[in-house]
Number of protein chains: 2
Amino acid sequence: MNGAQALISSLVGAGVEVCFMNPGTSEMHFVHALDSVPAMHSVLALFEGVATGAADGYARVTGRPAAVLLHLGPGLGNGLANLHNARRAHTPLLCVVGAHATGHVRYDAPLQSDIEAVARTVSGWVHTAGTTRALAEDAMRAVAATTANGGQIATLVLPADVSWTGGGRTAAPRPPTPLAGVGEAVTAQVAAAIDGRHGVLLLGGRALTQRGLRAASRISQATGMRLLAETFPAAKDGGEGVPTVERLAYLSEMAVQQLTGMRTLVLAGASAPVSFFAYPGKDSDLVPEDCEVLSLADSIQDVEAALEVLADAVAADSQPLLAAGNRVQPESGPLTGSNLATAIAASLPENAVVVDEANTSGYALPAALAGARRHTLLTLTGGAIGQGMPVATGAAVGAPDRPVLSIEADGSALYTIQALWTQAREKLDVTTVLINNAAYAILRMELARTGAGEVGVESARMLDLSDPTPNFVDIAKGLGVPARRVSTADELTAALENAYAEPGPHLIEAMVPAVS
Amino acid sequence: MNGAQALISSLVGAGVEVCFMNPGTSEMHFVHALDSVPAMHSVLALFEGVATGAADGYARVTGRPAAVLLHLGPGLGNGLANLHNARRAHTPLLCVVGAHATGHVRYDAPLQSDIEAVARTVSGWVHTAGTTRALAEDAMRAVAATTANGGQIATLVLPADVSWTGGGRTAAPRPPTPLAGVGEAVTAQVAAAIDGRHGVLLLGGRALTQRGLRAASRISQATGMRLLAETFPAAKDGGEGVPTVERLAYLSEMAVQQLTGMRTLVLAGASAPVSFFAYPGKDSDLVPEDCEVLSLADSIQDVEAALEVLADAVAADSQPLLAAGNRVQPESGPLTGSNLATAIAASLPENAVVVDEANTSGYALPAALAGARRHTLLTLTGGAIGQGMPVATGAAVGAPDRPVLSIEADGSALYTIQALWTQAREKLDVTTVLINNAAYAILRMELARTGAGEVGVESARMLDLSDPTPNFVDIAKGLGVPARRVSTADELTAALENAYAEPGPHLIEAMVPAVS
């Protein structure tokens, strides 16, 4: 057994059963070893950002790490933006980066670069495998490391010779790292500080599962404390039968309004609110000056359990407030951000995974989705656009029994559009609503917010996707995904129903005027 | 004047007149400042790898650095693979990475990451601007640094507040860093060691300009020394009227044959030959054991001048051997790698820039191009595929009076396919021959070379681009570039002639069976 075979066998034994990959020559023995370990499901991506984003999406819906296989430093570079997003999502993810054979490194061949230095910027754990004998144990350490610190990236750099040399030994899985607990004194302190009239419980991370939301809702029902969710959750349950929680706005002007009057802020799996970007003359810190901030649990602690303990302490007899199925009626007429949202919400199938990278055009989605059928929402955790379509791809691999809806902005889509090909190859039930407004509309808004001044000819050109306007129906067809263009709400509803009913991926290009 | 305005004005003053970009919110003041400095030509890319590759291509044809503007750490990550290639090409390139405002950093907002750590892996110079007052001087240092060490990447990290704050001052350009010289003793030593029967002069970097090639050819003509060029030149002149030099083969099995019998190896701007990857049981070092290796000049030295000094010393009266215009006749029939090459060579316009990322399907190109009209060849210097289309885009911006031919493999094209959109927007005269063989054919070959064993079902699937086979005509149309598919040599010739005759970009999808 060579190193690669021992590695892959051991990964499968540890529950890592999917490997998203974009391999090269230094990974050929890894690829070949896939033939001898059929339990490993390998998924090819045409670009590394698709592979890393898919591994993120997979873990967000399964709770288990996938592996991703990348080709040397440049492959890691191509995957880095979505690893950044995965890091911000606290996603458990095993990143295997193939490297030159140990003896080849000193020749500084063209693909040589400092892999570890790049990996460290996104990983909680980095190690370069030194021997074939120890490789599988290294991998088991790595898999266990993915569950440390509330979920993180573990990067195993894999020299080609460590893969190809014989004498590999499989290794037994190690137990996952348990989440850190929350001390009784902390729960008691928070319980004592609860301020029903002026208090906010800010939920993030695992606090946004059904379990966390139910406990939080009980607290809110009993004490009057207001609930808010972090702006960009990794995975948030919602819809019928799940407590509704308003999300903190992306625009800090709006977030400040949401937080006005708050005197006590309890953090439950979320960080204290700060603006996404800095703006001239505006504070980054969004917590009002006279507000006391307490942490119930941070991202590495067991926030679900902590919320239940807190609920039992302050709301023993209360019940969570569950959303009724207030299904919105789809509206008619030419598409707008508003009727796009109602069409999506009204037609959403039960138990869907909704991946939202709609940016400006998605402004009406949260309100519309609150009354939709039960679903899980995955968002852009790290701000690095180009995450939505890869995450949707991985979510569909991880949850083949759930429909996946990928709501995607044109500008963001074009970073990792190659995801469509993997959806076609794997016949994944992903429905992409591609919102084409022919602009980086969010940047037009941001340029105004930064107070830079009036937009001139040259700067407008840098924020505009027209001239030429991409045609996503053509692009999708070229990548093997059936596609159609819609420009009214009724057409969108019909296209969505058709896409959900038919197996495999579909793309719906929704022509929506840019928000100005 | 704010920092961004002072920065851009000063860059233009220093001859940096093009900025390829994919900006975000933290770069909005930079974008806005473009309106006040119309001499800066800004070019939008839909993906950062296009922007960085384009900056590389621009510098390869102009000899002058372009700027590239990226959005924080993830933007740098997306651009990293082509920065890696640019590093290997010794390309002067100014990389400006926008960052959060200085005061925003401590809040660890979602897009915060360690930009400098990533930048250092590809840059010879890295600096984070601290004050608006010093920003333009920082930029002038950076521009000068791009010409140090034979050409390198200088990365200036630009916090948003340093851009937006008033009190910016323009700065005067600094002279470029001259290339290091070659001592007389070295030239004399090489002259004394020249071994006409068993010597090879290996040319790389600037030795492959017309000037360098003419001097090298004189030496070869006078002494009998054999000339070879490095495998993947950044820019190599060739065709009619230019000395022909065989390139060292990518396949080390073939390179070893080319080097058999060599007893003296003189390096002129090239590194000593090593295999691109390592293979089980094979040497990485391709220099025969009994061969003496001498360095005339390395990549940071003035190799053109050194070759002329050497030529004057050992070949005072000899003339270079210039290629005659042995125009190959285009062949007919269904497309193969061979008649594809003759069709391309026969129709190549005078003074074209040829970007070669054809990989396996391009095997017949070097021989065919030797007798073509005069041209400059740009190749994949760092092995990170996805370079060709961006480099072709930047070359067309840098040399608007030269036709650009981009020969591209399907697998590689799909890493940075968004380059087509920039070609369409900028109306660039780029003709792309997209070789569609529906496979990572090079990896099939590499799997065999690594001796991993027979290809099984699962591994074959990881090296295959069929199921579904991308349709590049559809993809190109979707990105605004007119496209047609050809499957015979005659159709290819006709399509090439049409593309060269008509302004703006064109894509020709050439259906060629995979080399097996």
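By convention in this document, chain letters (A, B, ...) are assigned in the order of the sequence lines, proteins followed by strands, and residues within each chain are numbered from 1.
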> Who among Gly77(B), Ala278(B), Gly383(B), Ala101(B) has the most heavy-atom pairs with chain A under 4.5 Å?
Replying inline: Ala278(B)
> What is the ring orientation for Phe47(A) with Tyr415(B), classed by angle as parallel under 30°, tilted 30 to 60°, or perpendicular over 60°?
Replying inline: perpendicular
>> Under 4.5 Å from any heavy atom of chain A, what part of Asn2(B) do you find: side chain, backbone, both or neither?
In response: neither
> Is His84(B) reaching over with its side chain to a backbone N or O of Gly382(B), donor-acceptor style, under 3.5 angstrom?
Replying inline: yes
> Contact part of Lys282(B) toward chain A, heavy-atom cut-off under 4.5 Å: side chain, backbone, both or neither?
Replying inline: neither
> Which answer fits Ser163(B), side chain, backbone, both or neither, if we ask what part of it has an atom under 4.5 Å from a heavy atom of chain A?
Replying inline: neither
> What part of Arg425(B) is in contact with chain A, defined as an atom under 4.5 angstrom from a non-hydrogen atom: side chain, backbone, both or neither?
Replying inline: both
> For Asp464(B), is it the side chain, the backbone, both or neither that has a heavy atom under 4.5 Å from a heavy atom of chain A?
Replying inline: both
>> Is the ring pair Phe232(A)/Phe276(A) parallel, tilted or perpendicular, if the boundaries are 30 and 60 degrees?
In response: perpendicular
>> As an exercise: rank Thr416(A), Val50(A), Asp285(A), Leu80(A) by heavy-atom pairs under 4.5 Å with chain B and give me the winner.
In response: Asp285(A)
>> Is Leu83(B) close to chain A through its backbone or its side chain, or both, or neither, when contacts mean heavy atoms under 4.5 Å?
In response: neither
>> Can you classify the ring geometry of Phe277(A) versus Tyr250(A) as parallel (below 30°), tilted (30 to 60°) or perpendicular (above 60°)?
In response: perpendicular
>> With a 4.5 angstrom heavy-atom cut-off, is it the side chain or the backbone of Gln112(B) that approaches chain A, or both, or neither?
In response: both
> For chain A, which residues from residues 35-42 of chain B have at least one heavy atom closer than 4.5 Å to it?
Replying inline: Asp35(B), Ser42(B)
>> Keeping Asn436(B) on the side-chain end and Glu509(B) on the backbone end, is there a donor-acceptor pair under 3.5 Å?
In response: no
>> The criterion is side chain to side chain donor-acceptor pair (under 3.5 Å); which residues satisfy it with Ser412(B), sequence neighbours excluded?
In response: Asn359(B)
> Checking heavy atoms, do the side chain of Met21(B), its backbone, both or neither come under 4.5 Å from chain A?
Replying inline: side chain
>> Less than 4.5 Å to any heavy atom of chain A: does that hold for the side chain of Val122(B), its backbone, both, or neither?
In response: neither
> Given that the side chain runs from C-beta out, which part of Ala476(B) has a heavy atom under 4.5 Å from chain A: side chain, backbone, both or neither?
Replying inline: neither
>> If we define contacts as heavy-atom pairs under 4.5 Å, which of Val118(B), Leu34(B), Thr450(B) has the most with chain A?
In response: Thr450(B)
>> Applying side chain to side chain donor-acceptor pair (under 3.5 Å), can you list everything that pairs with Thr379(A), at least two apart in sequence or on another chain?
In response: none
>> Please determine whether side chain to side chain donor-acceptor pair (under 3.5 Å) holds for the pair Ser252(A) and Arg449(A), giving the CA-CA distance in whole Å, both sets of side-chain angles, and the decisive distance to 0.1 Å.
In response: CA-CA 10 Å; Ser252(A) 45; Arg449(A) 292 179 73 210; 3.3 Å; yes
> His100(B) vs His104(B) aromatic rings, parallel, tilted or perpendicular, using cut-offs 30° and 60°?
Replying inline: perpendicular
>> Could you work out, with side chain to side chain donor-acceptor pair (under 3.5 Å) as the rule, every residue matching Thr165(A), not counting sequence neighbours?
In response: none
> Considering only heavy atoms, which portion of Trp421(B) lies under 4.5 Å from any heavy atom of chain A: side chain, backbone, both, or neither?
Replying inline: both
> Of all of Val455(B), Leu380(B), Asp114(B), Val274(B), which one pairs up most often with chain A through heavy atoms under 4.5 Å apart?
Replying inline: Val274(B)
